[in-house]
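Each chain gets a letter, A, B and so on, in the order its sequence line appears, and its residues count up from 1.
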2 protein chains.
Amino acid sequence: MALTRVRVVDVATSILREFGLGDLSMRRLARELDVAPGAIYWHIANKQVLLAAVAERLLADVPLGEQGADDPAAALRAHVLAVRDALLPVPDGADVVAIAYTLDPDSVPALREIGVLLKEAGAQDVAASTDLVVHHILGSVAATQVRAASPEEAVSSPDRFEPALDILLGLSCG
Amino acid sequence: MALTRVRVVDVATSILREFGLGDLSMRRLARELDVAPGAIYWHIANKQVLLAAVAERLLADVPLGEQGADDPAAALRAHVLAVRDALLPVPDGADVVAIAYTLDPDSVPALREIGVLLKEAGAQDVAASTDLVVHHILGSVAATQVRAASPEEAVSSPDRFEPALDILLGLSCG
DNA sequence: ACCTGAACACCGTTCAAGT
DNA sequence: ACCTGAACACCGTTCAAGT
């Protein structure tokens, strides 16, 4: 099979899903693609760019623009939970998306959508609220994953995500 | 000078302050300490533990328990800004603290203090609110630092931190 | 145009052996 | 008790040379 940018990002994403960021090296990726490490650099500038592309792929299946937005607040809440659910099963998924969002907040459509929905729901300061919601999602997913990976306290602590989200959505919108 | 745990953490912290996380390697640290790389492992279990210790050091100078708490909401706001200001000048400081906070939310006194102050200020769900505020600080500091490092848009975007913080503090506390 | 081979300059961690 | 030397198993990135 020919090496293409799409295939590189595909295989990178599946390594992340199965083994996490620690195993997602350019060399490991090249091995999985049956090419020399240098070959990847013909299709992708560097690892940062690769991770940004993987981040986009991770949230590519979260639906955008659900038009049944007669209740924008409910649509926003549902969308945030969908983003969270897409990230939760991916080891280090939140860290990868955080890298992409920090490099360019507009590069990930599913996160841009949060701003759109906040506006529709009547948020005062859309930019500030979007930052709050995104940081909450990414921070809390990262925390949940680490706690799940740690040996002690297999009893998962009660989920603080939704209570905190409701505080946020209550405050941001009229 | 004898190699001690304190000296290891000291020098690690100063490498971070000057050069950032990319230059804070165990080998570079050993070079700066004039010892073999293996020597560090007599005093510190591994790099994770080192970074957690560095995180604590970064916020060690933020004062705790300012007793003039006749206005707890104002004390909370001031404390959050102090934490932010301590982190802003340290390259990748937010990432290092995020690692420590995620591994053990109680390990960093200055962040624990946020929960204490939120309670005093009358927050409903202290645990959820603390997570929100901490993720907001760390996410926003990381974003600010990356934007400052990037070449384009030297004109720093207007600071969304305080508007967002005020949204948060308004909502969390009665 | 696309890829290999080989190199450059690094990593974190372990552990026998020395003092 | 504390440290060195040397190894193990890796990294990201570049670039002449091949096809």
With a 4.0 Å limit, can you tell me whether A/Trp42 has a side-chain N or O closer than that to the phosphate oxygens OP1/OP2 of C/dC2? yes

Gap in Å between the two P atoms, one belonging to D/dC10 and one to C/dA9, rounded: 23 Å

Distance check: side-chain N/O of B/His43 vs OP1/OP2 of D/dA1, anything under 4.0 Å? no

Separation of D/dA1 P from B/Ile40 CD1 (nearest whole Å): 21 Å

Quick check: does any side chain N or O of B/Arg112 sit under 3.5 Å from a backbone N or O of B/Asp106, one acting as donor and the other as acceptor? yes

Between atom CG in B/Leu50 and atom P in C/dG12, what is the gap in whole Å? 10 Å

Closest listed nucleotide, where the reference is the side chain of A/Tyr41 and the choices are D/dT13, C/dG12, D/dT4: D/dT13

Across all strands, who's sitting opposite C/dC10 as a Watson-Crick or G-U wobble pair, both distances under 3.5 Å? none

note: B/Asp23, atom CG; C/dC11, atom P; distance rounded to Å ~ 8 Å

As its Watson-Crick or G-U partner within any shown strand, both distances under 3.5 Å, C/dA16 has D/dT4

Nearest whole angstrom, please: distance from the P of D/dT13 to the CD of A/Gln48. 9 Å

Given D/dT4, C/dG5, D/dC11, the nucleotide with the shortest approach to the side chain of A/Arg28: D/dC11

If we ignore hydrogens and angles and just use 3.5 Å, is the side chain of A/Asp85 paired with the main-chain N or O of A/Leu88 as donor and acceptor? no

If you assign each of B/Ala39 and B/Lys47 to its closest nucleotide in DNA chain C, which residue comes earlier from the 5' end? B/Lys47

Give a yes or no answer on whether the side chain of B/Glu18 reaches the backbone of B/Thr13 with a donor-acceptor pair at less than 3.5 Å. no

Quick one: does any side-chain atom of B/His136 pair with a main-chain N or O of B/Leu132 as donor and acceptor, under 3.5 Å? no

Between D/dC8, D/dT13, D/dT4, spot the one nearest the side chain of B/Arg27, thanks. D/dC8

Using the side-chain heavy atoms of B/Met26, tell me which of these nucleotides is nearest: D/dT4, D/dG12, C/dT13. C/dT13

Do you know the tightest heavy-atom contact between B/Thr130 and B/Gly115? OG1-CA, 3.4 Å

Within less than 4.0 Å of OP1 or OP2 of C/dC11, is there a side-chain N or O belonging to B/Arg31? yes

Rounding to a whole Å, what distance do you find between A/Ile44:CD1 and C/dC2:P? 14 Å

